[in-house]
Amino acid sequence: MRIDLHAHSNASDGTDSPAELVAAALAAGLDVVALTDHDTVAGYGEATAALAGTGLTLVPGAELSCRVGEISMHLLAYLFDPAEPEFAAERDAVRGDRFRRGRAIVERCRELGAPISWEQVERIAGEGSVGRPHIASALVEAGVVATVSDAFTADWLANGGRADVRKHETDPVTAVRLVRAAGGVPVFAHPGAVKRGQTVSDQVIADLAAAGLAALEVDHMDHDEPTRAHLRGLAGELGLLVTGSSDYHGHRKTVRLGEWTTDPAVYEALVAQASGAKPITG
Ligand code: AMP
Ligand code: ZN
Ligand code: FE
Ligand code: FE
């Protein structure tokens, strides 16, 4: 079984449509793929429809933008009831503020001399939950930087960078409780991704474990080997499961779907904790 529990479609900042993501998962030889767009479930319908007859299993999920003090972090949520109102309202609040913030970032970029426009970002984002990677693509189009990754520096869009503007992000203890209350399973995404900015302390991870966190995403491209070893040890101490996933974004990132995967026994244990939804097999 090949299981990849973290992938984005163009319902957020990936470049594959949900149907293309399903096709890419099959081409990558995956048995199970989770659709985890930022703060939205908008891709579920198309992804589910594309499954028919493939034998692929889809784990519906999302990746929630959270913040502790000044430190941003991401919480993966799997198999929650998308109609549960409190969690749905929080996703709406985060997604809604992405528009205000996106416009503000574009304004900052223009002040800094980058010839991009909000209309351009809207065209790039389409229906997607708008985020910095879309603005990074606009900066690439405008010739300001060479690659999306090059836009995530202190000069432009990195956390705390010249053109970074904060968005509304949920307190992660609250988020863990919202996910559980919606029958879902919360997993801390790339907890040690230092290249994106400051990461939270082990104490915060312990607090999240006490609030109901299920697992740490340890095998991720943004973690070096010492970071993985540390996180594995911490997960063991706190009674958390350990996952691995690609965090695939289509051609906006270099990582391949299925480049990192989750152990089947861990996958089964996560599914067993869920009561909001079930994996869907085509
Ligand atoms: P946002 O949700 O709008 O704050 O944008 C965050 C997203 O930007 C993350 O989910 C990543 O996909 C991407 N990102 C963050 N840091 C980097 C980086 N250093 N290089 C490339 N992409 C990044
Ligand atoms: Zn993303
Ligand atoms: Fe993330
Ligand atoms: Fe992600």
Side-chain angles (χ1 to χ4, degrees), residues 4-16 21 33-40 42-43 59 61-67 70-78 91 93-106 108-109 121-122 124-125 128-140 145-161 163-170 175 186-199 217 219-224 243-257 259-260 262:
D4 187 339
L5 293 181
H6 187 164
H8 297 265
S9 77
N10 65 7
S12 63
D13 54 9
T15 57
D16 288 0
L21 176 63
V33 68
L35 177 64
T36 54
D37 279 308
H38 296 286
D39 310 303
T40 186
V59 176
E63 185 177 17
L64 309 170
S65 306
C66 296
R67 191 197 303 177
E70 288 305 303
I71 306 174
S72 290
M73 53 161 282
H74 289 166
L75 188 75
L76 291 160
Y78 301 114
R91 290 193 302 277
V94 177
R95 210 170 56 248
D97 198 46
R98 284 175 167 279
F99 289 93
R100 173 202 62 80
R101 179 256 206 162
R103 286 176 182 273
I105 292 179
V106 168
R108 275 299 289 151
C109 287
V121 172
E122 277 188 311
I124 291 167
S129 178
V130 68
R132 282 178 289 171
H134 299 118
I135 299 166
S137 288
L139 290 169
V140 173
V145 293
T147 68
V148 165
S149 182
D150 290 339
F152 282 88
T153 61
D155 277 350
W156 299 104
L157 305 179
N159 289 345
D164 182 34
V165 177
R166 307 308 292 262
K167 61 183 178 297
H168 168 70
E169 295 171 319
T170 311
V187 174
F188 194 159
H190 47 75
V194 286
K195 75 163 205 183
R196 299 179 185 213
Q198 205 186 336
T199 54
E217 185 185 60
D219 289 315
H220 184 282
M221 68 175 297
D222 290 351
H223 291 161
D224 61 16
T243 68
S245 21
S246 66
D247 201 356
Y248 175 74
H249 278 71
H251 63 70
R252 267 203 191 92
K253 280 196 188 172
T254 54
V255 73
R256 287 170 289 112
L257 203 50
E259 193 165 332
W260 304 99
T262 293

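All ligand and atom numbering here is 1-based and tracks the order in the structure.
To the nearest 0.5 angstrom, D16 atom CG is 11.0 Å from L35 atom CG. Within the model, atoms CG of L21 and OH of Y248 stand 6.5 Å from one another, a figure rounded to the nearest 0.5 Å. For the atom pair CG of L157 and CG of L139, the computed distance is 5.5 Å after rounding to the nearest 0.5 Å. Between the CG atom of D13 and the CD atom of E63 there is a distance of 8.5 Å, given to the nearest 0.5 Å. Note: T170 OG1 to L75 CG = 9.0 Å, rounded to the nearest 0.5 Å. Distance check: I71 CD1 to Q198 CD gives 3.5 Å after rounding to the nearest 0.5 Å.
Residue K167 places a heavy atom less than 4.0 Å from ligand 1. Residue contact check for ligand 1: E63 places no non-hydrogen atom closer than 4.0 Å to it. Ligand 1 has P133 within reach: a non-hydrogen atom of the residue lies less than 4.0 Å from it.
The closest protein non-hydrogen atom to atom 21 (C) of ligand 1 is F152 CD1, 3.6 Å. For atom 6 (C) of ligand 1, the closest heavy atom belonging to the protein is R132 NH2, 3.7 Å.
For ligand 1, the polar-atom distance check finds an N/O of H249 within less than 3.5 Å of one of the ligand's N/O atoms. Annotation: H38 places an N or O atom under 3.5 Å from an N or O atom of ligand 1; distance criterion only.
Set against the non-hydrogen atoms of R98, the atoms of ligand 1 under 4.0 Å away are 1 (P), 2 (O), 3 (O). Ligand-side atoms of ligand 1 in range of G131: 3 (O), range being under 4.0 angstrom from any heavy atom.
For T262 (side chain) and G244 (main-chain N/O), a donor-acceptor pair under 3.5 Å exists by modelled atom type.
Between E217 and the choices H190, H74, H6, the side-chain hydrogen bond (donor to acceptor under 3.5 Å, both in side chains) rule is met once, by H6.
Counting backbone and side-chain atoms alike, H6 contributes an N/O/S atom closer than 2.8 Å to the Fe ion (ligand 4). Backbone or side-chain N, O or S atoms of H8 reach the Fe ion (ligand 4) at under 2.8 Å.
Excluding waters, the set of protein N, O or S atoms lying under 2.8 Å from the Zn ion (ligand 2) comprises D13 OD1, D13 OD2, H38 NE2, H249 NE2.
Ion pairing between a basic and an acidic side chain is recognised when a charged N comes within 4.0 Å of a carboxylate O; K195 and D222 show such pairing.
Residues N159 and G197 share a closest heavy-atom pair of ND2-CA, 4.2 Å. The minimum heavy-atom distance linking R252 with S137 is given by the pair NE-OG, 2.8 Å. Closest approach of D37 to S12, counting heavy atoms only: OD1-OG, 2.5 Å.
Contacts with ligand 1 closer than 4.0 Å are made by side-chain heavy atoms of K253 only, the backbone lying farther away.
For atom 11 (C) of ligand 1, the choice among R196, H134, H74, R101 with the nearest heavy atom turns out to be R196.
Looking only at its N/O/S atoms, E63 has OE1 as the one nearest to the Fe ion (ligand 4). Nearest N, O or S atom of D247 to the Fe ion (ligand 4): atom OD1.
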### From CA spacing to verdict: side chain to side chain donor-acceptor pair (under 3.5 Å), S72, R166
CA-CA 9 Å; S72 290; R166 307 308 292 262; 2.8 Å; yes
